[in-house]
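One structure below.
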Amino acid sequence: MAGGSVAPSREGATGLVDLGWLPAFPHVVTASMANFLFGYHIGVMNGPIVSVARDLGFEGNSILEGLVVSIFIVGAFIGSIGSGYLVDNFGCRRTFQINAVPLIAGALLCAQAHSLDEILWGRFSVGLGIGANTVLVPIYISEVSPTRYRGSLGTICQIGTCLGIIASLLLGIPSDSTPDWWRTMLFIASIPAVIVMFGMQFAVESPRWLCKAGKWDDAKMVVSRIWGESQIDNAMKEIRSVVNLDGSDIEADWLELLQEPHNKGMDHILFMHFHWADASVFAFIGGMLFVLQQFAGINGVLYFSSLTFHDVGITNNALASLLVGLTNFAGALFALYLMDKQGRQNLIIGSYLGMAAAMFLIVFAVDFPVDDQLSHTLSILGTVMYVFTFALGAGPVTGLIIPELSSNRTRGKTMAFSFSVHWVCNFIVGLFFLDMVEKFGIGPVYASFGAVSVAAALFSKVFIIETKGRSLEEIELSLKANLSPRDE
């Protein structure tokens, strides 16, 4: 199988330590620096926004403060849409380097901003790069990782996001006492982007993209370097069969994602009577996975967590956010270990069921209090449990499973569409969450998050195919043969 087991000395067949993941690891880590930036920019405005508003003359204007934070999402939406074209035409390495330009320019513009317009343009520019990279990182890692380690290596990008959030929170601590510290924080954000830009000059290109572009000799060199010489013939055979099946056109058409499923109509999708080779099917699955992920409430819970910690005496917002960030990081580490052992489907289903249980626990603590101290303790337990179980599956699996199920030809466009849905839903939840809490109370809102989590578990049970231990080509060829998970 393409990208499968490598030389015995790497696999542990001779009793040595299993190091089959090691050749691909530096390339995966370099790519995951882009996710570190994603996490960093998520948290970088949490603490300093008051200082930013005061220095730039819009202090006390909650609408403008919210705009400085949320215009990042607008840029990310546009960046995610455009990334499909870039990766199809320029490959992963060059697209990473192109994406670094708005990330560096945006960070520097924000750091030296002396007006509202400057910081808005800077945040928008950063969003463009982040949106494109959220699409690109899972594609790149899935295409360069050996099959046996693809799940674990794919989880590193989630770990990168967690570390970025933690770094921004730690660096944000001096912002309360040092008014201009926010400029330093935003300047620091340019450094990982520079590392990605130069690091990608030494990273390998995706062998799948090289083959799609007709650069077969280059692809063989990459396969030999990161998967082992013993894998060259088999990998090239599988990739060639997929490229021949997909056709010679390097770029997929957006219309392919909009075409009606082969067996006519959405009712066939809902009842699993569809052709698994249709690109529109995986666009639907990818979009729905992100709709469910976002409406399961992760961003709302993270936002409200500081208030939950306040109730038990943790009044420092930075400390509360840091505790949540460390919990997220711990869950991602467990996912790293479990992804290629338990499989994607089991992890994401268990993750959503755990999130639902956590939400219902908090609802019970809030709406049926027995004792104030007990209610606060249960709320904290529920919050920590929710974040941990999210990091186990709903977070990492969603970004990993979509490129695994997508065809080599349409992978870029499918991921671009899926992440554009992610950013739209992210914006909607952020816009209406507090209004919904004020209108209905935290209990009903969290109960709805729990209900969506249950629905997400059911959706994952029905629509997600287990991809553990199977090459991308093996997955694609079996789907194009119209084999459902039940057929295999």
Taken to the nearest 0.5 Å, the spacing of Thr389 OG1 from Met359 CE works out to 8.5 Å
One should read off an interatomic distance between Leu431 CG and Ile428 CD1, to the nearest 0.5 angstrom, of 8.5 Å
Tightest non-hydrogen contact, residues Ala451 and Phe360, listed as N-CZ, 3.9 Å
Correct closest heavy-atom pair for Pro102 and Ser125 would be O-OG, 2.9 Å
Q: Flag the pair Glu404 and Arg470 as a salt bridge only when some basic side-chain nitrogen lies within less than 4.0 angstrom of an acidic carboxylate oxygen.
A: no
- Query: Does the side chain of Ile130 come within less than 4.5 Å of Phe72's, by heavy atoms?
  - Reply: yes
Sub-4.5 Å side-chain heavy-atom contact between Tyr40 and Met185: yes
Treating Ser471 as the side-chain partner and Glu474 as the backbone partner, does any N or O pair qualify as donor plus acceptor under 3.5 Å? yes
| Any side-chain heavy atom of Phe463 sitting closer than 4.5 Å to one from Leu289? | no
Ala193 and Leu103 have their tightest heavy-atom pair at CB-CB, 3.8 Å
Practice prompt. Starting from the C-alpha separation in whole Å, work towards a yes-or-no answer on side-chain contact (heavy atoms from CB on, under 4.5 Å) for Asn299 and Asn426.
Written response: CA-CA 8 Å; Asn299 291 310; Asn426 184 300; 3.2 Å; yes
Shortest non-hydrogen pair, Thr30 vs Val196, comes out as O-CG2, 3.9 Å
Look only at the side chain of Trp423 and the backbone of Ile78, and say whether a donor-acceptor pair between them is shorter than 3.5 Å. no
*Would a distance-only check, ignoring hydrogens and angles, find a side-chain to backbone donor-acceptor pair under 3.5 Å from Glu466 to Gln345?*
yes
Item to check | Test item: Phe38 and Val137 side chains (from C-beta on) under 4.5 Å apart, heavy atoms | outcome: no
Original post:
What do you reckon, is CZ of Phe58 surrounded by more than 12 foreign heavy atoms closer than 6.0 Å?
Top reply: yes
- Item | Parallel, tilted or perpendicular: rings of Tyr386 and Phe390 (30°, 60°) | parallel
### Thr161 side chain vs Cys157 backbone, donor-acceptor pair below 3.5 Å
yes
d(Leu37 CG, Ile42 CD1) to nearest 0.5 Å is 11.0 Å
- Item | Check against ring-ring contact (aromatic ring centres under 6.0 Å, His included), Phe96 and Tyr140 | CA-CA 10 Å; Phe96 271 117; Tyr140 180 76; 5.6 Å; yes
_Quick check: do Met339 and Leu400 have side-chain heavy atoms less than 4.5 Å from each other?_
yes
### Query
In terms of heavy-atom contacts, does CZ of Phe427 have more than 12 from other residues, nucleotides or ligands at under 6.0 Å?
no
Contacts of Ser83 meeting side-chain contact (heavy atoms from CB on, under 4.5 Å) (sequence neighbours excluded), chain-then-number -> Ala132, Val135, Ala416
message: Quick check against the 3.5 Å criterion: does Asn328 have a side-chain atom that pairs as donor or acceptor with the backbone of Val324?
response: no
Does any part of the side chain of Leu479, heavy atoms only, come nearer than 4.5 Å to the side chain of Ser407, both counted from C-beta? no
Separation between CG (Leu392) and CD (Gln342), nearest 0.5 Å, reads 10.5 Å
Contacts of Arg123 meeting salt bridge (Lys or Arg N to Asp or Glu O under 4.0 Å) (sequence neighbours excluded), chain-then-number -> none
Parallel, tilted or perpendicular: rings of Phe388 and Phe334 (30°, 60°): perpendicular
Between the NE2 atom in His27 and the SG atom in Cys92, the distance rounded to the nearest 0.5 Å is 13.0 Å
Kindly indicate whether the side chain of Asn35, heavy atoms from C-beta on, has any atom under 4.5 Å from the side chain of Gln158.
no
Does any N or O in the side chain of Arg344 come within less than 3.5 Å of the main-chain N or O of Ile464, such that one atom is a donor and the other an acceptor? no
Between Pro396 and Thr155 the two heavy atoms that sit nearest each other are CB-CG2, 4.2 Å
Answer whether the closest heavy-atom distance between the side chains of Val87 and Met415 falls below 4.5 Å. no
Worksheet item: Taking Thr414 for the side chain and Arg411 for the main chain, is one N or O donor matched with an acceptor at less than 3.5 Å?
Response: no
**Q.** Glu476 side chain vs Asn408 backbone, donor-acceptor pair below 3.5 Å
**A.** yes
task: Evaluate the criterion side-chain contact (heavy atoms from CB on, under 4.5 Å) for residue pair Ile402 and Phe419; output intermediate values, then yes/no.
output: CA-CA 10 Å; Ile402 300 171; Phe419 268 94; 5.8 Å; no
- Task: Quick one: do Ile166 and Phe329 satisfy side-chain contact (heavy atoms from CB on, under 4.5 Å)? Show the steps, please.
- Result: CA-CA 9 Å; Ile166 292 170; Phe329 178 63; 4.0 Å; yes
**Asked** Hey, does the side chain of Gln293 reach the backbone of Ala394 with a donor-acceptor pair shorter than 3.5 angstrom?
**Response** yes
Closest non-hydrogen atoms of Trp209 and Asp88, given as atom of the first, atom of the second and distance, are NE1-O, 3.0 Å
Using modelled atom types only, decide if a donor and an acceptor are shared between the side chain of Glu143 and the backbone of Pro207 within a distance under 3.5 Å.
no
Taken to the nearest 0.5 Å, the spacing of Glu118 CD from Leu56 CG works out to 8.5 Å
side-chain contact (heavy atoms from CB on, under 4.5 Å) between Val69 and Glu65, intermediate numbers included: CA-CA 7 Å; Val69 175; Glu65 289 180 5; over 6 Å; no
